[in-house]
> 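This is the structure I want to talk about, given as structure tokens.
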Amino acid sequence: MKELETDSGAKPLDFIRQIIAQDQKDGKHPAPTTRFPPEPNGFLHIGHAKSICLNFGIAREYGGRCHLRFDDTNPSKEETKYVDSIKADVQWLGFNWQEHLYFASDYFDRLYEFAEQLIRINKAYVCDLSADEIRRHRGTLTEAGTDSPNRDRSIEENLALFRRMRDGDFPDGSRVLRAKIDMASPVILMRDPVLYRILRADHHRTGNKWCIYPMYDFTHCLSDMLENITHSLCTLEFQDNRSLYDWVLETLETPCHPRQIEFARLNMTYTVMSKRKLLQLVEEGFVEGWDDPRMLTISGLRRRGYTPKSIRSFCEQIGIGKKESWIDMSVLENAVREDLNETAPRVMGVLDPLKVIIDNYPEGLVEELVAQNHPQKPELGIRSVPFSRELYIERDDFMAEPPRKFFRLGPGREVRLRYGYLITCVSFDQDESSGMVTAVHCTYDPDTKGGNAPDGRKVKGTIHWVSAPHALSCTVNLYDRLFTVEHPDADKDVDFKVHINRDSRIKKENCMVEPSLAGAEPATRLQFERQGYFSVDSAQSLPGKPVFNRIVTLRDSWAKIEKGA
RNA sequence: UGGGGUGUAGCCAAGUGGCUAAGGCACCGGGUUUUGAUCCCGGCAUUCGUAGGUUCGAGUCCUACCGCCCCAGCCA
């Protein structure tokens, strides 16, 4: 895979990479420095993967570096367990911050000094208004705000007050430090924004050293500056914040001034992306945790069986822009198929077993048949699968009264057992009361071992199977999309949870798979032929007793025909 | 109604005034195939939110209008 081909036009650059390439060409910086700045208050999801791939990808492509910086300025929400999981997820995705691991909290001392400096140049003041009063003074979208009564405090008084805030002389919420900008600004964020608040909470890194904490807008730009970030990439909702980002750095006359560029966050169909909604799914038991294989969290995707490469490839495919957009879930699904088609060994597994008895096959005889692990990749080798008189096939592969286009088993019809023999259905047994087919009787053609008829007759259908006495019985989770509608949270008046797909996980208990799978290691990815890609669940599998997760089905054009008919 | 963004196919997305508007997903045909998979070939925007204007020439420039998103946390 070529990374990028700047001039050949092989792959057009997104608007951010165009800026970066131009800046590099102009000699603004020898190489870009970016950063991925998560707040450690939750788990990463596919939307974060887009940002990670962008920031770390740019660093890799342009010979720069990307910092991992935790934006931990709100101790009431942040925890160490999140920093650990975020680090693990970034690494799993295939990126490396090397020695550039930072925490905004590492800058608290310097941030405090910058705040005092702002006070000294009369650009910040301590405000005694309550949160509610501040809100009322802020004005509205169309009306200017009004000045705080404390706006004209002397520098000395502000300094003294701010120090007392730091020293714990005032209760939580009683005072804040505000930037002195313009209460009439059309940009509401610029109406004397709060820079520091009093908050007595145990910080996951600084403990109780501080009882005042800087706000995002004050922290982020200065952290970027301190790390010599060249391009500070963030999502669209921070566009207004750029005014304040620039104001802080300009007012403080900092030696460097990173450029903030905003791009559209990722939205996907058939899911929800907000931390709040994901949390709701977990807490209300709709899924079994943050790493539930149906969750589009990085840990959920990992457990489902998605490969890091497929997620990176997905992020490449969707592009970077400034337009609010919804990516089809099928694009993600296609990305794993594409990767796994290349790499996943093929095996046979029957999800819904139906017994087949080959009437003319000698009782007690067992043959070892040769199967390829990947039809297009002989280098993946071969394996042997046992064959005997009694087999399991997929219940869907038999119909008592099949339509003409059904290329599988039915009375009088001949099919090929993959890597086995051609068999013809002679009869079937049925449960009298339910009408359910309980077994199918066939005869085999002994001259067709391996699947080809010496007389050259063509058999259209090939089905998978497992020898009944040799089969390994196991549990398979058939995962599907978590929601039944494209935009579960589109309607604000309807709870998004009413759209949950009740069949998003179907737990199949007695699936029959090839005996060789008894030794499959957790996280192994396989293709069950004609079914889909599956992975060995790392949480539920036991030695010799694997549990499989369906990652994604194979494309199924028969399903379409069936639906249309 | 203030400010900031954004509109190219069903969904993404190239296009940076000049040959017939890239590419991917989805979809529809056809071929190969011991996975109804993969793979391969072909189709899929007389038109770029709308209306005017500038120009020999406009998706690209100008004007107006329309739609959608974000901003009134001591969250990030």
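A, B, ... follow the sequence lines: proteins, then strands. Residue 1 opens every chain. Fair warning: this is a prediction, and the values are worked out from it, not measured in the lab.
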> The criterion is side chain to side chain donor-acceptor pair (under 3.5 Å); which residues satisfy it with A:Y421, sequence neighbours excluded?
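Expected list: A:E367.
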> Using a 4.0 Å heavy-atom cut-off, does A:P375 contact any base of the nucleic acid, only the sugar-phosphate backbone, or nothing at all?
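Answer is base: heavy atoms of A:P375 come under 4.0 Å of a base.
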> Kindly state whether the ring of A:H487 and the ring of A:W326 have centres lying under 6.0 angstrom apart.
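Close enough - the centres of the two rings lie under 6.0 Å apart.
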> Name the stems that RNA chain B belongs to, where each is three or more consecutive Watson-Crick or G-U pairs with both distances under 3.5 Å?
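Stem segments, range with range: B:2-7 with B:66-71, B:10-12 with B:23-25, B:27-31 with B:39-43, B:49-53 with B:61-65.
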> With RNA chain B as reference, determine whether A:E338 or A:T140 sits nearer its 5' end, using the nearest nucleotide of each.
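In this pair, the answer is A:E338.
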> Taking A:R191 for the side chain and A:S185 for the main chain, is one N or O donor matched with an acceptor at less than 3.5 Å?
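Between the backbone of A:S185 and the side chain of A:R191 there is a qualifying donor-acceptor contact (under 3.5 Å).
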> So which one's nearest nucleotide on RNA chain B is more toward 5', A:E486 or A:R555?
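Nearest-nucleotide comparison on RNA chain B picks A:E486.
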> Ion pair present between A:E514 and A:R383, side-chain N to carboxylate O less than 4.0 angstrom?
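Yes, charged N to carboxylate O under 4.0 Å.
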> With a 6.0 Å cut-off on ring centres, are A:F528 and A:F534 close enough?
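That pair passes the under 6.0 Å test.
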> Answer yes if the ring centres of A:Y196 and A:Y213 are under 6.0 angstrom apart, and no otherwise.
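For A:Y196 and A:Y213, the ring centres are not under 6.0 Å apart.
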> Quick check: any donor-acceptor pair below 3.5 Å linking the side-chain of A:Q376 to the base of B:A37?
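For A:Q376, whose side chain was compared with the base of B:A37, there is a donor-acceptor pair (under 3.5 Å).
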> Just to confirm, is there a sub-4.0 Å distance from OP1 or OP2 of B:A76 to any side-chain nitrogen or oxygen of A:T219?
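False: A:T219 side-chain N/O out of range (4.0 Å or more) of B:A76 OP1/OP2.
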